[in-house]
Chemist: 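Mind having a look at this structure? Questions to follow.
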Amino acid sequence: MENNFDINNLVRENVKSMKPYSSARDEFEDFDTADMIFLDANENPFENGVNRYPDPQQSRVKMVLAKQKNVKPNQILLGNGSDEVLDLIFRAFCEPKVDNVITLPPTYGMYGVLANINAVENREVLLSEEFQPQVEKILETVDENTKIIFLCSPNNPTANSFSDKSVVYLLQNFKGLIVIDEAYIDFSKKQSWMNELDEYPNLIITQTLSKAYGLAGIRLGICYASAAVISVLNKIKPPYNVNELTQMRALERLNDPENIKSEITSIISQREELLKVLVNVKFVEKIYPTEANFILIKVDDANKRYEQLIAKGIVIRNRTTQPLCENTLRLTIGTEQENKKLMEALQA
Ligand SMILES: *Cc1c(COP(=O)(O)O)cnc(C)c1O
(Lines give C-alpha, C1' and ligand atoms only; values in the text may rest on other atoms or scores of the structure.)
Protein backbone atom coordinates (compact mmCIF):
# COMPACT_ATOMS: atom_id res chain seq x y z
CA MET A 1 0.00 0.00 0.00
CA GLU A 2 2.96 2.32 0.54
CA ASN A 3 3.45 2.49 -3.19
CA ASN A 4 -0.04 3.64 -4.02
CA PHE A 5 -0.89 5.74 -0.96
CA ASP A 6 -1.25 9.38 -1.90
CA ILE A 7 -2.38 11.72 0.85
CA ASN A 8 -3.74 14.12 -1.77
CA ASN A 9 -6.51 11.65 -2.56
CA LEU A 10 -7.82 12.14 0.96
CA VAL A 11 -7.50 15.92 1.36
CA ARG A 12 -10.64 18.07 0.93
CA GLU A 13 -10.69 19.98 -2.35
CA ASN A 14 -10.82 23.40 -0.70
CA VAL A 15 -7.85 22.54 1.52
CA LYS A 16 -5.81 21.22 -1.39
CA SER A 17 -5.79 24.63 -3.04
CA MET A 18 -4.95 26.52 0.17
CA LYS A 19 -1.65 28.01 1.22
CA PRO A 20 -0.92 28.38 4.94
CA TYR A 21 -1.72 31.82 6.39
CA SER A 22 1.55 33.71 6.47
CA SER A 23 1.89 35.67 9.68
CA ALA A 24 4.15 38.68 10.05
CA ARG A 25 6.76 36.62 11.90
CA ASP A 26 6.67 33.64 9.52
CA GLU A 27 8.33 35.69 6.81
CA PHE A 28 11.43 36.27 8.90
CA GLU A 29 12.31 32.81 10.08
CA ASP A 30 15.49 32.68 7.97
CA PHE A 31 17.00 35.83 9.49
CA ASP A 32 19.06 36.19 12.63
CA THR A 33 16.42 38.14 14.47
CA ALA A 34 18.41 39.14 17.54
CA ASP A 35 19.27 42.66 16.39
CA MET A 36 16.14 43.39 14.41
CA ILE A 37 13.47 45.89 15.25
CA PHE A 38 10.00 44.46 14.81
CA LEU A 39 7.45 46.98 13.67
CA ASP A 40 5.45 44.54 11.59
CA ALA A 41 2.75 43.04 13.80
CA ASN A 42 1.20 45.98 15.65
CA GLU A 43 2.41 44.65 18.99
CA ASN A 44 3.06 46.78 22.05
CA PRO A 45 6.88 47.25 22.00
CA PHE A 46 7.40 47.32 25.78
CA GLU A 47 8.89 43.99 26.81
CA ASN A 48 7.08 41.98 29.47
CA GLY A 49 7.87 38.46 28.31
CA VAL A 50 4.67 37.95 26.36
CA ASN A 51 4.15 41.19 24.44
CA ARG A 52 5.17 39.51 21.18
CA TYR A 53 3.13 36.99 19.21
CA PRO A 54 4.28 33.43 19.86
CA ASP A 55 6.29 31.37 17.39
CA PRO A 56 3.56 30.05 15.07
CA GLN A 57 5.58 26.89 14.37
CA GLN A 58 6.61 26.31 18.01
CA SER A 59 10.08 25.41 16.73
CA ARG A 60 11.76 25.09 20.13
CA VAL A 61 9.13 22.76 21.54
CA LYS A 62 9.16 20.67 18.38
CA MET A 63 12.95 20.44 18.45
CA VAL A 64 12.89 18.95 21.95
CA LEU A 65 10.03 16.57 21.12
CA ALA A 66 11.69 15.50 17.87
CA LYS A 67 14.85 14.60 19.71
CA GLN A 68 13.06 12.76 22.51
CA LYS A 69 10.73 10.86 20.18
CA ASN A 70 13.17 10.24 17.38
CA VAL A 71 11.17 11.89 14.59
CA LYS A 72 11.81 14.96 12.44
CA PRO A 73 10.33 18.31 13.46
CA ASN A 74 8.34 18.34 10.21
CA GLN A 75 6.54 15.21 11.42
CA ILE A 76 5.05 17.12 14.36
CA LEU A 77 2.03 19.39 14.65
CA LEU A 78 1.10 21.00 17.96
CA GLY A 79 -2.34 22.15 19.00
CA ASN A 80 -4.38 23.67 21.79
CA GLY A 81 -4.84 20.24 23.38
CA SER A 82 -5.38 17.01 21.43
CA ASP A 83 -8.90 18.23 20.96
CA GLU A 84 -7.71 20.92 18.56
CA VAL A 85 -5.40 18.47 16.80
CA LEU A 86 -8.29 16.05 16.29
CA ASP A 87 -10.51 18.86 15.03
CA LEU A 88 -7.85 19.89 12.49
CA ILE A 89 -7.70 16.30 11.24
CA PHE A 90 -11.46 16.32 10.67
CA ARG A 91 -11.34 19.67 8.91
CA ALA A 92 -8.47 18.73 6.61
CA PHE A 93 -9.81 15.39 5.42
CA CYS A 94 -13.58 15.13 5.95
CA GLU A 95 -15.98 16.88 3.60
CA PRO A 96 -19.05 17.91 5.66
CA LYS A 97 -22.22 15.96 4.82
CA VAL A 98 -20.29 13.70 2.45
CA ASP A 99 -17.51 11.87 4.24
CA ASN A 100 -17.72 9.64 7.29
CA VAL A 101 -15.43 8.37 10.05
CA ILE A 102 -15.49 5.21 12.17
CA THR A 103 -15.22 5.22 15.95
CA LEU A 104 -15.26 2.27 18.34
CA PRO A 105 -17.41 2.81 21.43
CA PRO A 106 -17.06 2.72 24.33
CA THR A 107 -14.32 5.28 23.74
CA TYR A 108 -13.31 8.91 24.14
CA GLY A 109 -16.34 11.12 23.54
CA MET A 110 -14.58 13.88 21.62
CA TYR A 111 -14.36 11.93 18.33
CA GLY A 112 -18.16 11.83 18.14
CA VAL A 113 -18.51 15.45 19.28
CA LEU A 114 -16.04 16.64 16.65
CA ALA A 115 -17.77 14.57 13.96
CA ASN A 116 -21.02 16.31 14.88
CA ILE A 117 -19.51 19.78 14.90
CA ASN A 118 -18.01 19.17 11.47
CA ALA A 119 -21.19 17.61 10.05
CA VAL A 120 -19.36 14.35 9.40
CA GLU A 121 -21.17 11.04 9.82
CA ASN A 122 -19.83 8.99 12.74
CA ARG A 123 -20.18 5.26 12.07
CA GLU A 124 -19.93 3.43 15.35
CA VAL A 125 -18.67 -0.15 15.51
CA LEU A 126 -18.77 -1.41 19.08
CA LEU A 127 -15.69 -2.99 20.60
CA SER A 128 -15.92 -6.71 21.37
CA GLU A 129 -16.78 -7.93 24.88
CA GLU A 130 -13.02 -7.97 25.53
CA PHE A 131 -12.92 -4.31 24.41
CA GLN A 132 -10.96 -5.14 21.22
CA PRO A 133 -11.68 -3.77 17.73
CA GLN A 134 -13.91 -6.02 15.62
CA VAL A 135 -11.74 -5.65 12.55
CA GLU A 136 -13.94 -7.46 10.04
CA LYS A 137 -17.02 -5.50 11.10
CA ILE A 138 -15.03 -2.29 10.89
CA LEU A 139 -13.86 -3.02 7.35
CA GLU A 140 -17.42 -3.97 6.33
CA THR A 141 -18.53 -0.55 7.58
CA VAL A 142 -16.00 1.26 5.39
CA ASP A 143 -17.24 2.78 2.13
CA GLU A 144 -15.62 5.07 -0.43
CA ASN A 145 -16.31 8.09 1.77
CA THR A 146 -14.76 6.70 4.93
CA LYS A 147 -11.75 8.91 5.63
CA ILE A 148 -10.64 8.10 9.16
CA ILE A 149 -10.79 5.31 11.74
CA PHE A 150 -10.15 6.44 15.31
CA LEU A 151 -8.36 3.96 17.57
CA CYS A 152 -7.79 4.97 21.17
CA SER A 153 -5.08 2.78 22.69
CA PRO A 154 -4.89 2.50 25.65
CA ASN A 155 -8.60 3.19 25.40
CA ASN A 156 -10.60 5.55 27.56
CA PRO A 157 -12.71 4.44 29.51
CA THR A 158 -11.86 0.73 29.18
CA ALA A 159 -8.13 1.20 30.09
CA ASN A 160 -6.84 -1.60 27.83
CA SER A 161 -4.64 -1.45 24.72
CA PHE A 162 -5.76 -2.80 21.38
CA SER A 163 -3.99 -5.91 20.12
CA ASP A 164 -1.08 -5.30 17.75
CA LYS A 165 -2.62 -7.76 15.35
CA SER A 166 -5.87 -5.84 14.92
CA VAL A 167 -4.13 -2.48 14.65
CA VAL A 168 -1.75 -3.77 11.98
CA TYR A 169 -4.63 -5.43 10.13
CA LEU A 170 -6.50 -2.12 9.97
CA LEU A 171 -3.37 -0.18 8.98
CA GLN A 172 -2.78 -2.60 6.12
CA ASN A 173 -6.34 -2.98 4.89
CA PHE A 174 -7.92 0.46 5.29
CA LYS A 175 -7.10 2.93 2.54
CA GLY A 176 -7.90 6.01 4.60
CA LEU A 177 -6.22 7.40 7.71
CA ILE A 178 -5.84 5.57 11.01
CA VAL A 179 -5.61 7.90 14.00
CA ILE A 180 -4.20 6.22 17.11
CA ASP A 181 -4.89 8.32 20.19
CA GLU A 182 -2.07 7.58 22.64
CA ALA A 183 -3.09 9.93 25.45
CA TYR A 184 -2.27 7.17 27.97
CA ILE A 185 0.70 5.51 26.28
CA ASP A 186 3.14 6.50 29.05
CA PHE A 187 1.27 4.31 31.54
CA SER A 188 1.42 1.25 29.28
CA LYS A 189 4.07 -1.43 28.92
CA LYS A 190 3.42 -1.35 25.21
CA GLN A 191 5.56 0.61 22.80
CA SER A 192 4.13 3.62 21.05
CA TRP A 193 2.98 3.14 17.45
CA MET A 194 5.33 6.02 16.64
CA ASN A 195 7.97 3.48 15.74
CA GLU A 196 5.76 2.44 12.80
CA LEU A 197 5.31 5.90 11.27
CA ASP A 198 7.80 5.19 8.48
CA GLU A 199 6.07 1.88 7.73
CA TYR A 200 2.51 3.22 7.37
CA PRO A 201 1.93 6.50 5.50
CA ASN A 202 -1.73 6.44 6.62
CA LEU A 203 -0.85 6.46 10.34
CA ILE A 204 -1.46 9.49 12.54
CA ILE A 205 -0.61 9.43 16.24
CA THR A 206 -1.89 11.87 18.81
CA GLN A 207 -0.40 12.36 22.25
CA THR A 208 -0.87 15.03 24.88
CA LEU A 209 0.85 16.75 27.78
CA SER A 210 -2.44 16.54 29.72
CA LYS A 211 -2.05 13.17 31.40
CA ALA A 212 1.38 11.64 32.17
CA TYR A 213 3.16 14.98 31.66
CA GLY A 214 0.95 16.70 34.21
CA LEU A 215 0.10 19.78 32.16
CA ALA A 216 -3.65 19.56 31.43
CA GLY A 217 -3.95 23.24 32.27
CA ILE A 218 -1.68 24.55 29.53
CA ARG A 219 -3.48 22.69 26.70
CA LEU A 220 -0.81 21.13 24.52
CA GLY A 221 -1.71 18.31 22.16
CA ILE A 222 0.72 16.66 19.78
CA CYS A 223 0.25 15.03 16.42
CA TYR A 224 2.92 12.81 14.84
CA ALA A 225 2.58 11.68 11.23
CA SER A 226 4.37 11.70 7.89
CA ALA A 227 5.72 15.07 6.77
CA ALA A 228 3.09 14.99 4.01
CA VAL A 229 0.19 14.69 6.46
CA ILE A 230 1.67 17.33 8.77
CA SER A 231 2.05 19.81 5.93
CA VAL A 232 -1.66 19.44 5.11
CA LEU A 233 -2.59 20.14 8.74
CA ASN A 234 -0.20 23.10 8.85
CA LYS A 235 -2.14 24.70 6.01
CA ILE A 236 -5.30 24.96 8.06
CA LYS A 237 -4.13 25.47 11.63
CA PRO A 238 -4.74 28.89 13.18
CA PRO A 239 -1.36 30.67 13.05
CA TYR A 240 -1.01 31.27 16.80
CA ASN A 241 -2.83 28.21 18.13
CA VAL A 242 -0.26 27.48 20.86
CA ASN A 243 0.29 30.49 23.09
CA GLU A 244 3.62 31.69 24.46
CA LEU A 245 2.95 30.72 28.09
CA THR A 246 2.11 27.20 26.98
CA GLN A 247 5.26 26.93 24.90
CA MET A 248 7.39 28.15 27.82
CA ARG A 249 5.84 25.76 30.35
CA ALA A 250 6.01 22.84 27.94
CA LEU A 251 9.72 23.43 27.30
CA GLU A 252 10.44 23.64 31.01
CA ARG A 253 8.65 20.37 31.66
CA LEU A 254 10.05 18.50 28.64
CA ASN A 255 13.53 19.41 29.80
CA ASP A 256 12.86 17.70 33.13
CA PRO A 257 12.25 14.10 32.04
CA GLU A 258 13.44 12.65 35.36
CA ASN A 259 10.60 14.30 37.24
CA ILE A 260 8.01 13.16 34.70
CA LYS A 261 9.34 9.63 34.91
CA SER A 262 9.20 9.52 38.68
CA GLU A 263 5.60 10.77 38.72
CA ILE A 264 4.59 8.13 36.18
CA THR A 265 6.32 5.47 38.27
CA SER A 266 4.48 6.64 41.36
CA ILE A 267 1.11 6.64 39.56
CA ILE A 268 1.70 3.14 38.24
CA SER A 269 2.70 1.81 41.66
CA GLN A 270 -0.37 3.45 43.21
CA ARG A 271 -2.46 1.82 40.49
CA GLU A 272 -1.12 -1.60 41.48
CA GLU A 273 -1.87 -0.90 45.17
CA LEU A 274 -5.42 0.09 44.36
CA LEU A 275 -5.91 -3.03 42.22
CA LYS A 276 -4.90 -5.20 45.19
CA VAL A 277 -7.48 -3.54 47.42
CA LEU A 278 -10.26 -3.63 44.83
CA VAL A 279 -10.08 -7.42 44.63
CA ASN A 280 -11.39 -7.55 48.20
CA VAL A 281 -14.16 -4.96 47.91
CA LYS A 282 -17.46 -6.84 48.10
CA PHE A 283 -19.50 -4.76 45.65
CA VAL A 284 -16.79 -4.85 42.97
CA GLU A 285 -17.76 -7.52 40.45
CA LYS A 286 -15.06 -7.07 37.87
CA ILE A 287 -11.77 -5.22 37.54
CA TYR A 288 -10.74 -4.63 33.96
CA PRO A 289 -7.07 -4.87 33.00
CA THR A 290 -5.48 -1.42 32.92
CA GLU A 291 -2.64 0.17 31.02
CA ALA A 292 -3.65 3.70 31.90
CA ASN A 293 -3.72 6.04 34.91
CA PHE A 294 -7.24 4.90 35.74
CA ILE A 295 -9.09 1.69 36.51
CA LEU A 296 -12.48 0.63 35.18
CA ILE A 297 -14.49 -1.55 37.54
CA LYS A 298 -17.90 -3.17 37.32
CA VAL A 299 -19.93 -2.91 40.51
CA ASP A 300 -23.33 -4.08 41.77
CA ASP A 301 -24.98 -0.66 41.35
CA ALA A 302 -22.88 2.10 39.77
CA ASN A 303 -25.27 4.97 40.54
CA LYS A 304 -25.50 3.98 44.21
CA ARG A 305 -21.75 3.53 44.69
CA TYR A 306 -21.05 6.76 42.82
CA GLU A 307 -23.37 8.70 45.15
CA GLN A 308 -21.86 7.07 48.23
CA LEU A 309 -18.39 8.15 47.20
CA ILE A 310 -19.58 11.69 46.46
CA ALA A 311 -21.03 11.81 49.97
CA LYS A 312 -17.54 10.96 51.23
CA GLY A 313 -16.06 13.79 49.18
CA ILE A 314 -14.60 11.64 46.42
CA VAL A 315 -15.54 12.30 42.80
CA ILE A 316 -15.08 9.49 40.30
CA ARG A 317 -16.56 8.96 36.83
CA ASN A 318 -19.76 6.96 36.41
CA ARG A 319 -19.62 5.24 33.00
CA THR A 320 -22.79 3.17 33.36
CA THR A 321 -24.55 4.78 30.38
CA GLN A 322 -21.75 3.89 27.95
CA PRO A 323 -22.25 0.89 25.68
CA LEU A 324 -20.82 -2.36 27.16
CA CYS A 325 -20.17 -0.43 30.39
CA GLU A 326 -23.30 -1.05 32.44
CA ASN A 327 -22.60 -0.50 36.14
CA THR A 328 -19.03 0.55 35.56
CA LEU A 329 -17.07 3.25 37.35
CA ARG A 330 -13.80 4.83 36.26
CA LEU A 331 -11.29 5.67 38.98
CA THR A 332 -8.38 7.98 38.24
CA ILE A 333 -5.20 7.22 40.16
CA GLY A 334 -4.41 10.07 42.55
CA THR A 335 -1.59 10.69 44.99
CA GLU A 336 -0.75 8.09 47.63
CA GLN A 337 -2.78 10.06 50.17
CA GLU A 338 -5.78 10.45 47.88
CA ASN A 339 -5.72 6.76 47.08
CA LYS A 340 -5.56 5.86 50.74
CA LYS A 341 -8.76 7.85 51.30
CA LEU A 342 -10.37 6.19 48.30
CA MET A 343 -9.43 2.73 49.57
CA GLU A 344 -10.81 3.51 53.03
CA ALA A 345 -14.04 4.77 51.51
CA LEU A 346 -14.37 1.70 49.29
CA GLN A 347 -13.86 -0.64 52.22
CA ALA A 348 -16.27 1.20 54.50
C1 LIG B 1 -7.66 13.02 28.18
C2 LIG B 1 -7.65 12.54 26.79
C3 LIG B 1 -7.09 13.31 25.78
C4 LIG B 1 -6.44 14.62 26.10
O5 LIG B 1 -6.99 15.66 25.44
P6 LIG B 1 -6.30 17.10 25.57
O7 LIG B 1 -7.21 17.92 24.73
O8 LIG B 1 -4.92 16.97 25.02
O9 LIG B 1 -6.30 17.46 27.01
C10 LIG B 1 -7.05 12.81 24.50
N11 LIG B 1 -7.55 11.59 24.22
C12 LIG B 1 -8.08 10.82 25.17
C13 LIG B 1 -8.57 9.48 24.84
C14 LIG B 1 -8.16 11.28 26.48
O15 LIG B 1 -8.71 10.50 27.42
Side-chain angles (χ1 to χ4, degrees), residues 58 61-62 65 69 76-91 101-115 117-118 122 124 127 131-133 148-162 167 177-188 190 192-194 204-225 233 237-238 241-243 245-247 249-250 253-254 260 263-264 267 271 288 290-296 315-319 322-325 328-334:
Q58 309 100 21
V61 180
K62 283 184 190 170
L65 282 172
K69 302 285 183 171
I76 307 176
L77 177 110
L78 302 180
N80 183 22
S82 323
D83 293 347
E84 184 188 36
V85 168
L86 294 165
D87 188 47
L88 289 171
I89 296 170
F90 268 96
R91 287 159 61 186
V101 300
I102 295 177
T103 64
L104 316 180
T107 193
Y108 188 47
M110 277 311 286
Y111 315 133
V113 170
L114 291 168
I117 291 172
N118 288 291
N122 176 19
E124 301 190 316
L127 294 174
F131 296 142
Q132 289 295 326
I148 310 170
I149 299 174
F150 287 92
L151 306 178
C152 185
S153 183
N155 187 37
N156 178 7
T158 63
N160 66 304
S161 291
F162 295 160
V167 174
L177 295 163
I178 302 270
V179 173
I180 306 183
D181 183 340
E182 292 189 335
Y184 300 100
I185 191 66
D186 299 283
F187 303 107
S188 171
K190 277 214 153 129
S192 164
W193 285 94
M194 286 191 59
I204 297 180
I205 291 162
T206 63
Q207 294 184 359
T208 177
L209 297 196
S210 296
K211 306 286 157 61
Y213 285 70
L215 296 177
I218 71 169
R219 313 299 304 127
L220 191 75
I222 310 163
C223 176
Y224 301 103
L233 297 174
K237 87 170 185 67
N241 62 329
V242 178
N243 72 68
L245 296 173
T246 294
Q247 294 187 44
R249 274 305 279 273
R253 184 73 165 157
L254 289 169
I260 299 167
E263 288 180 10
I264 293 171
I267 291 165
R271 179 181 78 193
Y288 295 92
T290 175
E291 295 187 57
N293 65 335
F294 58 87
I295 303 174
L296 189 74
V315 186
I316 59 166
R317 193 91 159 115
N318 187 349
R319 296 282 75 186
Q322 298 294 299
L324 306 175
C325 290
T328 60
L329 299 170
R330 192 188 70 192
L331 318 170
T332 306
I333 310 302

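Just so you know, ligand 1 is whichever comes first in the structure, and atom 1 is the first atom listed for that ligand. Just so it is clear, the values below take in all heavy atoms, side chains as well, and ignore hydrogens, waters and symmetry mates. In this chain, numbering begins with 1 at the start of the sequence shown.
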Chemist: Heavy-atom contacts with Gly81 under 4.0 Å: which atoms of ligand 1 show up? List them by number with element.
Modeler: 7 (O), 8 (O)

Chemist: Counting only heavy atoms closer than 4.0 Å, does ligand 1 sit against the backbone of Ser82, its side chain, both, or neither?
Modeler: both

Chemist: With side chains defined as the heavy atoms from C-beta onward, is the minimum distance between Asp186 and Asn293 less than 4.5 Å?
Modeler: no

Chemist: Checking a contact table here: which protein heavy atom is nearest atom 7 (O) of ligand 1, and how many Å away?
Modeler: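 The closest one turns out to be Arg219 NH2, 2.6 Å.
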
Chemist: Distance under 4.0 Å to a non-hydrogen atom of Tyr108: what atoms of ligand 1 satisfy this?
Modeler: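 So the atoms of ligand 1 that pass are 2 (C), 3 (C), 5 (O), 10 (C), 11 (N), 12 (C), 13 (C), 14 (C), 15 (O).
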
Chemist: Please write down residue, atom name and distance for the protein heavy atom closest to atom 4 (C) of ligand 1.
Modeler: Lys211 NZ, 3.5 Å

Chemist: Please determine whether the number of non-hydrogen atoms from other residues, nucleotides or ligands lying under 6.0 Å from atom CZ of Arg249 exceeds 12.
Modeler: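 Count not over threshold, so no.
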
Chemist: Considering only the protein, which heavy-atom contact is closest to atom 11 (N) of ligand 1, and what is its distance?
Modeler: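 Checking every protein heavy atom, the shortest distance to atom 11 (N) of ligand 1 gives Asp181 OD2, 2.7 Å.
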
Chemist: Taking Ile222 as the fixed residue, which of Val61, Ile76, Thr206 is the one that meets the side chain to side chain contact (heavy atoms under 4.5 Å, CB included) rule?
Modeler: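 Considering Val61, Ile76, Thr206, a side chain to side chain contact (heavy atoms under 4.5 Å, CB included) with Ile222 is found only for Ile76.
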
Chemist: Tell me: protein heavy atom nearest atom 15 (O) of ligand 1, and distance?
Modeler: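 Checked against all protein heavy atoms, atom 15 (O) of ligand 1 sits closest to Tyr184 OH, 2.6 Å.
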
Chemist: Taking the six-membered ring for Trp, are Tyr184 and Phe294 closer than 6.0 Å centroid to centroid?
Modeler: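 Ring centres of Phe294 and Tyr184 closer than 6.0 Å.
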
Chemist: Counting only N and O atoms by type, is there a donor-acceptor contact under 3.5 Å from the side chain of Asn160 to the main-chain atoms of Phe131?
Modeler: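 Checked: pair present.
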
Chemist: Does some side-chain heavy atom of Ser82 sit less than 4.5 Å from a side-chain heavy atom of Ser210?
Modeler: no

Chemist: Enumerate the atoms of ligand 1 whose separation from the nearest heavy atom of Ala183 is less than 4.0 angstrom.
Modeler: 2 (C), 3 (C), 10 (C), 11 (N), 12 (C), 14 (C)

Chemist: Could you list the atoms of ligand 1 found under 4.0 angstrom from a heavy atom of Cys152?
Modeler: 13 (C)

Chemist: Does Ala216 come within less than 4.0 Å of ligand 1, judged by its heavy atoms?
Modeler: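 In this structure, Ala216 fails to qualify as a contact of ligand 1 - no heavy atom is under 4.0 Å.
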
Chemist: Is a salt bridge present between Glu182 and Lys69, judged by a nitrogen-to-oxygen distance below 4.0 Å?
Modeler: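 Not counted as a salt bridge, because no side-chain N and carboxylate O are separated by less than 4.0 Å.
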
Chemist: Could you list which atoms of ligand 1 come closer than 4.0 Å to a heavy atom of Asp83?
Modeler: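 Near Asp83, meaning under 4.0 Å from one of its heavy atoms, ligand 1 has 5 (O), 7 (O).
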
Chemist: Between Met110 and ligand 1, which residue portion shows a heavy-atom distance shorter than 4.0 Å: side chain, backbone, both, or neither?
Modeler: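 Contact part for Met110 vs ligand 1: neither.
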
Chemist: Calculate, to the nearest 0.5 Å, the distance between atoms CD1 and CD1 belonging to Ile205 and Ile180 respectively.
Modeler: 5.5 Å

Chemist: At a 4.0 Å threshold, what atoms of ligand 1 neighbour a non-hydrogen atom of Ser210?
Modeler: 6 (P), 8 (O), 9 (O)

Chemist: Of Leu209, Leu215, Thr208, which is the lone residue that meets side chain to side chain contact (heavy atoms under 4.5 Å, CB included) with Lys211?
Modeler: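 One option only clears the test, and that one is Thr208.
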
